[in-house]
Amino acid sequence: MASNGMSLVHRAAEAVRRTPRWKKRLVLFAVGASTLTYACQDNRVLQICDGTGNKKKVVILGTGWAGASFLRNIDTSLYDVHVVSPRNYFTFTPLLPSVTCGTVEARSIVEPIRNIVRKRNGSFRFWEAECIKIDPRNKKVHCRSDVGTNINGNGEFVVDYDYLIVSIGARPNTFNTPGVTENCHFLKEVEDAQKIRKSVMKCFERAALPNLSEEERKKNLHFVVIGGGPTGVEFAAELHDFVNADLAKLYPDVKKYVNISVIEAGGHILTMFDKRITEFAEEKFKRDGIDLKTNFKVVKVSDKDITMTNPATGEVAVPYGMAVWSTGIGTRPIILDFMKQVGQENRRVLATDEWLRVQGCEDVYALGDCATIAQRKVMEDVASIFRVADKDNSGTLTVKKIKDVLGDIYERYPQVELYLKSNQMKSFHELLKDSDGNSKELKELNIEQFKKALAQVDSQVKMLPATAQVAAQEGSYLADCFNRMKTCEQYPEGPIRIRGAGRHRFKPFRYRHLGQFAPLGGEQTAYQLPGDWVHVGHSTQWLWYSVYASKQFSWRTRMLVISDWGRRFIFGRDSSSI
């Protein structure tokens, strides 16, 4: 242990010697847990972390759904776990629209990161900082803290890693529309929801001032939501309920001027849901008086009005009091820079394989909204699949040979099962028809017949949606893989390697869709389960309450959320702007 400490001191001294300015002021010098940190007058902060003992160091970037789920499930006794994030808490993002209108308090949906691992053994460290660069070649991440680690409060530090988990999420996608960043609210963070809540109350207070014209009151109380996805629709519904159930009693003189508009570039809202839910939501919004503008594309946002275009009406400018932009997500600059380093500069989002490993580098994993799984195509590997199945090198495949590798094919290429289901085929062998299309199943197939049978399978390759459900499952899956890494190295459990020998260590990630909710206001929620099961109504709203309460990260937040819902039924929503 002493030799380790001396080695650390020598390395620090060498770093000091190489620094251009020789006159330095030592602010912090501490040796403990194999860590040494010092700050200099030239605003440079160097940090050397050797980890703990022989454990591998796992660095997690981000504390969103993917990062928090990984941290929640990783065995901290097996690894030296470090977390870097600008937020020291996890946010239950599906309830953010409820925070905007006081239905749920902000503190009720956040869980401190340190609480997640507080009662577990093992090494864990958290730094409230932002990662500004990933260096996969040298296995380091460069970070900057807003709190400050040197005398001027703008220090930077470097953390080395053995395994890197990139889960920093995404940013709102403005499509480079002029004025959006300056004049619109977003709804991705707790701070965003709190700003919207204050802005709503300010709009009402401005409209209640004396000596305002009717047009000015209408402008102040025109709330515009750009984007007809789940977040935009839920916020519009929450705002409508808030105005009619609570604010109408506090501001009776100006209630008649309130107008809520939802602007959608496509032909319908909630297009990711079943058509029946879409139609119900649109009809309900019309009944509630929410102005639904479909096929309108926003081209400019100023501090006074929103300019949009429509094929029928042309360009239209609409005055507004507050606007919320909710049109999807875009890639963060740090991820774009990282993609260039690993040869993915031509992609829109970071690509991983089915085991969530970033393509083009070693020991880096990416989860959540910042990445997507680039599912391998069957036709790219069809020759290799044929070779693996043809164990006796006869040049043909029999039913028995295919059956021996069928489980591995399903695991490695999920699009095969999807193709069978979409074409109402009961088994893989229904694909194996002769080249003339007869219903008779072939006894043997050569390579060309095998290719023809699988030619259309890749049409079912689908990208996973950027949802909390996907990110949470990815985090849990990867943590389980890390926990069993040593065991699976000796006893691999994954599918056969198509382009190599042996088996993969783990089974590939498979997303299990558990259904999706769409709260529509008025204590009515739409729910869609996998398959063709759809339900809309008041009973589904109670199911929504139950599911979202059960999915909280702790009993503390669970009880707070439930008490917030109960308080709303008794006392109404909190209409204060703080």
Side-chain angles (χ1 to χ4, degrees), residues 43-47 49 57-67 70 82-87 127 129-146 154-178 180-181 186 188-189 327-377 380 461-467 470-471 474-475 478 499 508-509:
N43 298 337
R44 295 179 59 204
V45 176
L46 304 178
Q47 181 159 312
C49 299
K57 183 192 295 185
V58 178
V59 175
I60 306 169
L61 302 180
T63 52
W65 277 96
F70 179 87
H82 298 236
V83 180
V84 178
S85 174
R87 298 184 305 276
W127 290 298
E130 181 181 7
C131 178
I132 57 176
K133 183 181 180 182
I134 300 172
D135 183 1
R137 177 172 296 182
N138 298 308
K139 288 195 169 184
K140 297 181 183 296
V141 289
H142 297 254
C143 309
R144 179 185 297 128
S145 172
D146 290 336
N154 59 353
E156 297 180 2
F157 60 93
V158 178
V159 181
D160 57 340
Y161 66 84
D162 293 306
Y163 299 108
L164 179 64
I165 314 299
V166 182
S167 55
I168 61 176
R171 62 178 177 176
N173 192 353
T174 65
F175 300 97
N176 297 319
T177 306
V180 170
T181 304
F186 301 109
K188 285 187 67 64
E189 310 288 350
T327 61
I329 57 174
T331 306
R332 294 186 184 274
I334 181 179
I335 295 297
L336 293 173
D337 176 69
F338 179 51
M339 290 167 64
K340 292 179 182 178
Q341 296 184 61
V342 297
Q344 296 189 26
E345 59 270 14
N346 294 324
R347 298 186 60 91
R348 292 189 298 110
V349 66
L350 189 62
T352 72
D353 63 14
E354 297 90 327
W355 291 269
L356 308 182
R357 300 173 298 196
V358 174
Q359 296 179 348
C361 60
E362 296 291 330
D363 299 325
V364 181
Y365 300 80
L367 342 172
D369 295 352
C370 69
T372 188
I373 296 175
Q375 176 62 50
R376 287 196 66 85
K377 304 289 181 65
E380 293 176 356
V461 172
K462 299 181 184 299
M463 291 182 63
L464 295 179
T467 62
V470 172
E474 288 178 338
L478 189 60
R499 297 189 176 186
F509 172 74

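These numbers were taken from a predicted model, which means no experiment stands behind them.
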* Do other residues, nucleotides or ligands put more than 12 heavy atoms under 6.0 Å from E362 CD? -> no
* Do E156 and R144 meet the salt-bridge criterion of a basic N to acidic O distance under 4.0 Å? -> yes
* Could you grab the distance from atom CZ of R376 to atom CG of D353, nearest 0.5 Å is fine? => 9.5 Å
* Asked: Of the non-hydrogen atoms in C143 and V159, which two are nearest, and what is the gap between them?
  -> SG-CG2, 4.5 Å
* Does K188 reach the side chain of P172, with side-chain heavy atoms less than 4.5 Å apart? -> yes
* **Distance (rounded to the nearest 0.5 Å) between R332 CZ and L350 CG** => 13.5 Å
* Asked: Nearest 0.5 Å, what's the CZ-CG distance between F509 and L367?
  -> 9.0 Å
* To do: Report yes or no: does E474 contribute a side-chain atom to a donor-acceptor pair with the main-chain N or O of L356 at less than 3.5 Å?
  => no
* Asked: Side-chain contact, heavy-atom cut-off 4.5 Å: R357 with T352?
  -> no
* Asked: About how many Å separate CG of D337 and CG of D135, when rounded to the nearest 0.5 Å?
  -> 10.0 Å
* **Residues in salt bridge (charged side-chain N to carboxylate O under 4.0 Å, His left out) contact with R87, at least two apart in sequence or another chain** => E189
* ring-ring contact (aromatic ring centres under 6.0 Å, His included) against Y365, all qualifying residues, sequence neighbours excluded -> F482
* With sequence neighbours left out, what residues match K139 under side chain to side chain donor-acceptor pair (under 3.5 Å)? -> D363
* Asked: For N173, does its backbone N or O pair with a side-chain atom of T327 as donor and acceptor, under 3.5 Å?
  -> yes
* Which atom of V349 lies closest to which atom of C370, heavy atoms considered -> CG2-O, 3.4 Å
* Asked: Do I134 and L61 have side-chain heavy atoms sitting under 4.5 Å apart?
  -> yes
* Note, W127 side chain near V59 side chain (heavy atom, < 4.5 Å) -> no
* NZ/NE/NH1/NH2 to OD/OE distance under 4.0 Å, D160 and K57 -> yes
* Over all heavy atoms of both residues, which pair between I373 and E354 is shortest? Give the atoms and the distance, please. => CG2-CA, 4.0 Å
* Asked: Is a side-chain N or O of S167 found less than 3.5 angstrom from the main chain of G64, in a donor-acceptor match?
  -> no
* Asked: Does the side chain of Y161 reach to within under 4.5 Å of the side chain of V364, using non-hydrogen atoms?
  -> yes
* Looking at CD1 of I60 and CG of L164, how far apart are the two atoms once the value is rounded to the nearest 0.5 Å? -> 9.5 Å
* Report yes if some heavy atom in the side chain of F70 is under 4.5 Å from a heavy atom in the side chain of V58; otherwise report no. => yes
* To do: For the residue pair Q359 and R347, establish whether any side-chain heavy-atom pair is separated by less than 4.5 Å.
  => no
* Please report the shortest heavy-atom distance between C361 and P136, naming the atom on each side. => CB-CB, 4.2 Å
* To do: Find out whether P333 and R171 are in side-chain contact, i.e. whether some heavy atom of one side chain is under 4.5 Å from a heavy atom of the other.
  => yes
* Asked: Can you tell me how far the CD1 atom of I168 sits from the OG1 atom of T331, to the nearest 0.5 Å?
  -> 9.5 Å
* Asked: CG of N138: more than 12 outside heavy atoms within 6.0 angstrom?
  -> yes
* At their closest point, which heavy atom of I334 faces which heavy atom of C131, and how far apart are they? -> CD1-O, 3.1 Å
* Exercise: identify the closest heavy-atom pair between V470 and P465 -> CG2-O, 3.3 Å
